[in-house]
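Following: one structure in structure tokens, then a few remarks.
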Amino acid sequence: MNVLVVVDGGLVEVLQASPLVRSLATGIEGAVVTVACPPAAAALAAQMSGVSETLALGALEPGGATPSAVLRALLALRRRRFHAAAVCSTNALPAALAYFAGIPRRAGLPTGAHSLMFTDRIESENTENRSATWLRLAPALGVDAQVHQPSFNPGRPARGVAEERLLASGFEDGRLLVAVAPGNGFTDSIPPLPPRALAWEPERYAHLCNQLTRRHGAGIVLLGTAEDRAHIDAMLLDVEGSVLDLCAELGGLDEVAAVLERCDLLVCGDSPLLHLAAAVGTPSVGLFGPTQGRLRAPYGEEHRVVQAVQGTATSLRQIRVDDVLAGIESPL
């Protein structure tokens, strides 16, 4: 049985579909699961457990639904034969692509007039985590309901890089390892929010790291891209404990995932890194301000949400260091 999973948005949305993909791959004998997603997420999707093929469709990018991109997406889907489609989106375009591609069975979440394009519909609460919602698409397509954690395989080369970095720094000596991503270089674009709206202040991250070092003897592993350099440098001015600065030092998300796999915890804002950590088995504490943590956080009880009151681009400032410490220390 050939099953199509359609996801629009960014890396967060693709990773939130990972538990569904695993359910379909393991619950259907001989299943071939294809994930159609934006081009920027295709390489990541290809490494998710249960994925047989990825289709990079520009029409699924935010703002990418031009007539020519939609036509190319339809042609790419119609060249293949799918028996069923699971639409992981609340938007109309992914549902329309599955419908006009002639896929006979289409399951999705009814959120508007496009729900008429679904043959099978699921219900959802407004505050439910999206991974949990998409998991219900599996029984809608006749697959036994199973709870699968997200899964991502960084690969042996990436794991080798992570081991070399951590061992060479002397960090893997039994201490608590906390990964921190203070900037927003890994963050998906969420229009109309400016990128800075998803980043906590560097001084607060520094105070948090100092508290973790004093209270728990933690080693801090800093993650970021080149555009996060100024933010991390500002943070480092106030950091007192031992830090392994890997900002812009890793080759890609597979190496970042391999580092996260060796850490005990990740702390960052609304970012794909939260879901990448979940997919390699590392608990996380996510800081959410203008976006909804209940919807966008990783799936699973081991992942904590620290939520500010939503509504403004500066709402992350409402989160205190003590609030984050409470989220970290309660499961320790």
Is there a path from V12 to V51 through hydrophobic residues (I, L, V, M, F, W, Y) whose side chains come within less than 4.5 Å of each other? no

State, to 0.1 Å, how close L266 and C268 come at their nearest heavy-atom pair, and which atoms those are. CD2-SG, 3.9 Å

E261: which residues meet the salt bridge (Lys or Arg N to Asp or Glu O under 4.0 Å) condition with it, sequence neighbours left out? R159

Does E53 pair with R80 as a salt bridge, N-O distance under 4.0 Å? yes

Determine yes or no for a side-chain-to-main-chain donor-acceptor pair under 3.5 angstrom, with H303 supplying the side chain and L274 the backbone. no

Do you know the tightest heavy-atom contact between A258 and A158? CB-O, 3.4 Å

If we ignore hydrogens and angles and just use 3.5 Å, is the side chain of T111 paired with the main-chain N or O of T90 as donor and acceptor? yes

Would you say T119's side chain and R106's backbone share a donor-acceptor pair under 3.5 angstrom? yes

Start with the C-alpha gap between M235 and L222, add the side-chain angles, then the distance that decides, and say whether side chain to side chain contact (heavy atoms under 4.5 Å, CB included) holds. CA-CA 10 Å; M235 170 192 162; L222 293 179; 3.5 Å; yes

I need the T133 OG1 to L295 CG distance, nearest 0.5 Å. 7.5 Å

For a 4.5 angstrom cut-off between non-hydrogen side-chain atoms, does I319 reach L316? yes

Hydrophobic side-chain clustering at under 4.5 Å (ILVMFWY, transitive links): who's grouped with L193? Put none if nobody. I190, L198

What salt bridge (Lys or Arg N to Asp or Glu O under 4.0 Å) pairs are there with at least one residue in residues 25-44, not counting sequence neighbours? none

Output all residues satisfying side-chain contact (heavy atoms from CB on, under 4.5 Å) with R294, sequence neighbours left out; order by chain, then residue number. T127

Is the shortest side-chain heavy-atom distance between W200 and V324 below 4.5 Å? yes

Might you work through the side chain to side chain contact (heavy atoms under 4.5 Å, CB included) test for F152 and L44, ending with a clear yes or no? CA-CA 9 Å; F152 179 84; L44 183 76; 3.4 Å; yes

So which atom in D8 and which in P94 form the shortest heavy-atom distance, rounded to 0.1 Å? OD2-CG, 3.5 Å

Check for me, please, whether L250 and F171 land in the same ILVMFWY cluster - side-chain distances under 4.5 Å, paths through other members count. yes

Say whether, by atom type as modelled, one donor and one acceptor occur between the side chain of R165 and the main chain of E249 under 3.5 angstrom. yes

If you look at every heavy atom in S23 and V143, which pair is closest and at what distance? O-CG1, 3.7 Å

Any donor-acceptor pair under 3.5 Å linking the side chain of T54 with the backbone of V35? no

Scan for side-chain hydrogen bond (donor to acceptor under 3.5 Å, both in side chains) pairs involving residues 174-185, sequence neighbours excluded, and state none if there are none. D173-R175, R175-S242

Heavy-atom donor-acceptor pair, Q307 side chain to T291 backbone, under 3.5 Å: yes

Looking at N153, is its backbone amide N or carbonyl O close enough to the side chain of Q47 to form a donor-acceptor pair, meaning the two atoms are under 3.5 Å apart? yes

Connecting only ILVMFWY residues whose side-chain heavy atoms lie within less than 4.5 Å of each other, what is the rest of F118's hydrophobic cluster? V87

Using the side-chain contact (heavy atoms from CB on, under 4.5 Å) criterion, which residues pair with V32? Sequence neighbours excluded. N2, S52

Flag the pair L109 / W134 as yes when at least one side-chain heavy-atom distance between them is below 4.5 Å, and no otherwise. yes

Any non-hydrogen side-chain atom of C88 less than 4.5 Å from a side-chain atom of V7? yes

Say you draw a straight line from CG of L212 to NE2 of H207; how long is it, rounded to the nearest 0.5 Å? 10.0 Å

Side-chain touch R262/E163, heavy atoms, less than 4.5 angstrom: yes

I'd like to know whether CZ of R121 has more than 12 heavy-atom contacts from other residues, nucleotides or ligands below 6.0 angstrom. yes

Do C209 and V243 have side chains that approach each other closer than 4.5 Å (heavy atoms only, starting at C-beta)? no

Taking side-chain hydrogen bond (donor to acceptor under 3.5 Å, both in side chains) as the definition, give me every residue that meets it alongside S189, ordered by chain and number, with sequence neighbours left out. none

Distance in Å, D322 CG paired with R204 CZ, rounded so as to fall on 0.5 Å steps: 11.0 Å

Indicate yes or no: at least one non-hydrogen side-chain atom of P182 is less than 4.5 angstrom from one of D228. no

I'd like to know if the side chain of N129 reaches the main chain of A297, judged simply by a donor and an acceptor atom lying under 3.5 Å from each other, with no hydrogens or angles considered. yes

Hydrophobic cluster mates of L4, side-chain heavy atoms under 4.5 angstrom, ILVMFWY only, any path? V6, L55, L57, L60, V70, L74, L77, F82, L93, L97, Y99, F100, I103, M117

Backbone N/O of G9 and side chain of E61: donor-acceptor pair under 3.5 Å: no

Nearest 0.5 Å please: distance from the CD atom of E203 over to the CG atom of L237. 9.0 Å

What residues form a side-chain hydrogen bond (donor to acceptor under 3.5 Å, both in side chains) with D264, not counting sequence neighbours? none

A69 and G58: which non-hydrogen atoms are nearest, and at how many Å? CB-C, 4.5 Å

Compare every heavy atom of V14 with every heavy atom of A41, then report the nearest pair and how far apart it is. CB-CG2, 3.6 Å

Not counting sequence neighbours, which residues clear side-chain hydrogen bond (donor to acceptor under 3.5 Å, both in side chains) with Q318? List them please. none

R215, CZ atom: more than 12 neighbouring heavy atoms under 6.0 Å: yes

Between the CG atom in L135 and the CD atom in E128, the distance rounded to the nearest 0.5 Å is 9.0 Å

The test is side chain to side chain contact (heavy atoms under 4.5 Å, CB included); show your working for L11 and L253 and say whether it passes. CA-CA 11 Å; L11 297 175; L253 283 175; 3.7 Å; yes

Stepwise side chain to side chain contact (heavy atoms under 4.5 Å, CB included) test for V239 and N210: CA-CA 6 Å; V239 173; N210 292 338; 4.0 Å; yes

In this structure, CD1 of I328 is separated from CG of D323 (nearest 0.5 Å) by 11.0 Å

Check for a donor-acceptor pair, side chain of S284 on one end and backbone N or O of G286 on the other, with a separation under 3.5 Å. no

Report the residues that fulfil side-chain hydrogen bond (donor to acceptor under 3.5 Å, both in side chains) with R296, sequence neighbours left out, ordered by chain and then residue number. E13, D270

